[in-house]
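Shown next, in C-alpha cells, is the structure this report addresses.
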Amino acid sequence: MHLPHSTLKQEFVKKWIMGLQRCKFSNKNMSILERKKAIKLSADTAMASARKGLTCWSRALISNPDRPVPTTTRRASSACKKIVKRSRRIRRTAKCGAARKGQITRSIAQCLVRKRTQILKSLIPGGEFMNEVCLIEETLDYITSLRVQVDVMRSLASASARASEPHN
C-alpha cells in the first residue's frame, strides 16, 4: 500500500504539473482566491492520483474533488470542553464506590474515543464510510501523502524565492 517517499514525490510532482498545465491561469480576471482554489484542487487531485486509487481516501478525493474543507476544529474543541464538564458533574454526583468510578471512567473514555473518531472521519476524505481499523490505516497514508505535498510545495517556494533574489 505504501510507496517509497521519493517515488511518491516524483509521481506527485509529475501529476501536479500536468494538472497545473490544464488550469487556465492566464485569465487576468482570476482573483487570488480563485487561483488558490485551483492550485489546491490540482494538488489534491495529483496527490490522490499519485496513489493510483489504492487507498479509500484517494478514491474519495478523485470522485469528489470539490469536497468542502473540514472545519471541525472549533466544534471539536467545544465538544471536548462539554465532555470535561460532564465528567466533572458526574464525579460530583457519583458515590465514592470503586466500581462506580471505574464505570464512569470507562464511559468517559468511550465517549472521548467515539467523538474523536467522528472528528477523524470528517477530516479524512471518504472517512465517514470506514471502520476504525481502516480509518487509522488510511489516516497514516493520508498524512504521509500530505507530507509529500507540503515538501514539494516548500521546495517549489524556496526555489522560486532563490530565483527571484538579485544575483551578485
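Along the sequence shown, residues are numbered consecutively beginning with 1.
Separating the CD1 atom in Ile62 from the CZ atom in Arg51 is a distance of 11.0 Å, to the nearest 0.5 Å. Note that CD of Glu132 and CG of Leu120 are 10.0 Å apart. Values are rounded to the nearest 0.5 Å. Ser107 contributes atom OG, which lies 9.5 Å from atom CG of Leu112 (distance to the nearest 0.5 angstrom). From Thr45, atom OG1 reaches atom CZ of Arg22 across 10.0 Å, with rounding to the nearest 0.5 Å. Atoms OG1 and CD, on Thr105 and Gln103 in that order, are 10.0 Å from each other to the nearest 0.5 Å. Separation of atoms CG (Leu8) and CG (Asp141) is listed at 8.0 Å; rounding is to 0.5 Å.
Considering only heavy atoms from C-beta on, Met47 comes within 4.5 Å of Tyr142 through its side chain. You'll find the side chain of Thr139 reaches within 4.5 Å of the side chain of Leu135, heavy atoms only. Residues Ser145 and Trp57 form a side-chain contact, since some pair of their non-hydrogen atoms from C-beta on lies under 4.5 Å apart. No side-chain heavy atom of Arg59 sits less than 4.5 Å from a side-chain heavy atom of Leu54.
The same ILVMFWY cluster, assembled from side-chain heavy atoms under 4.5 Å apart, contains both Val148 and Leu20. Hydrophobic cluster membership is shared by Ile17 and Val152, with clusters built from Ile, Leu, Val, Met, Phe, Trp and Tyr side chains linked at under 4.5 angstrom. Residues Ile143 and Ile119 do not share a hydrophobic cluster, clusters being chains of Ile/Leu/Val/Met/Phe/Trp/Tyr side chains in contact below 4.5 Å.
Using modelled atom types and a 3.5 Å distance limit, the side chains of Thr55 and Ser58 yield a donor-acceptor pair.
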Tell me, with the steps shown, if Trp16 and Met153 meet side-chain contact (heavy atoms from CB on, under 4.5 Å).
-> CA-CA 11 Å; Trp16 193 34; Met153 289 180 174; 3.8 Å; yes
Test side-chain contact (heavy atoms from CB on, under 4.5 Å) applied to Lys40 and Gln149, step by step | CA-CA 10 Å; Lys40 175 70 175 139; Gln149 190 181 41; 4.2 Å; yes
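Cys56 and Cys134 get closest at one heavy-atom pair: SG-SG, 4.4 Å. Here the closest heavy-atom approach between residue Phe12 and residue Ala43 is recorded as CE1-O, 3.3 Å. In terms of heavy atoms, Leu61 sits closest to Ala48 at CB-CB, 3.8 Å.
For Gln10, there are no side chain to side chain contact (heavy atoms under 4.5 Å, CB included) partners at least two apart in sequence or on another chain.
The closest donor-acceptor contact from the side chain of Lys121 to the backbone of Met130 lies under 3.5 Å.
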Donor-acceptor pairs are to be reported for all side-chain atoms of residues 154-161 against protein atoms at under 3.5 Å, with residues two or more places apart or in another chain.
| from | atom 1 | to | atom 2 | distance (Å) |
| --- | --- | --- | --- | --- |
| Ser155 | OG | Asp151 | O | 3.0 |
| Ser158 | OG | Arg154 | O | 3.3 |
| Ser158 | OG | Ser155 | O | 3.1 |

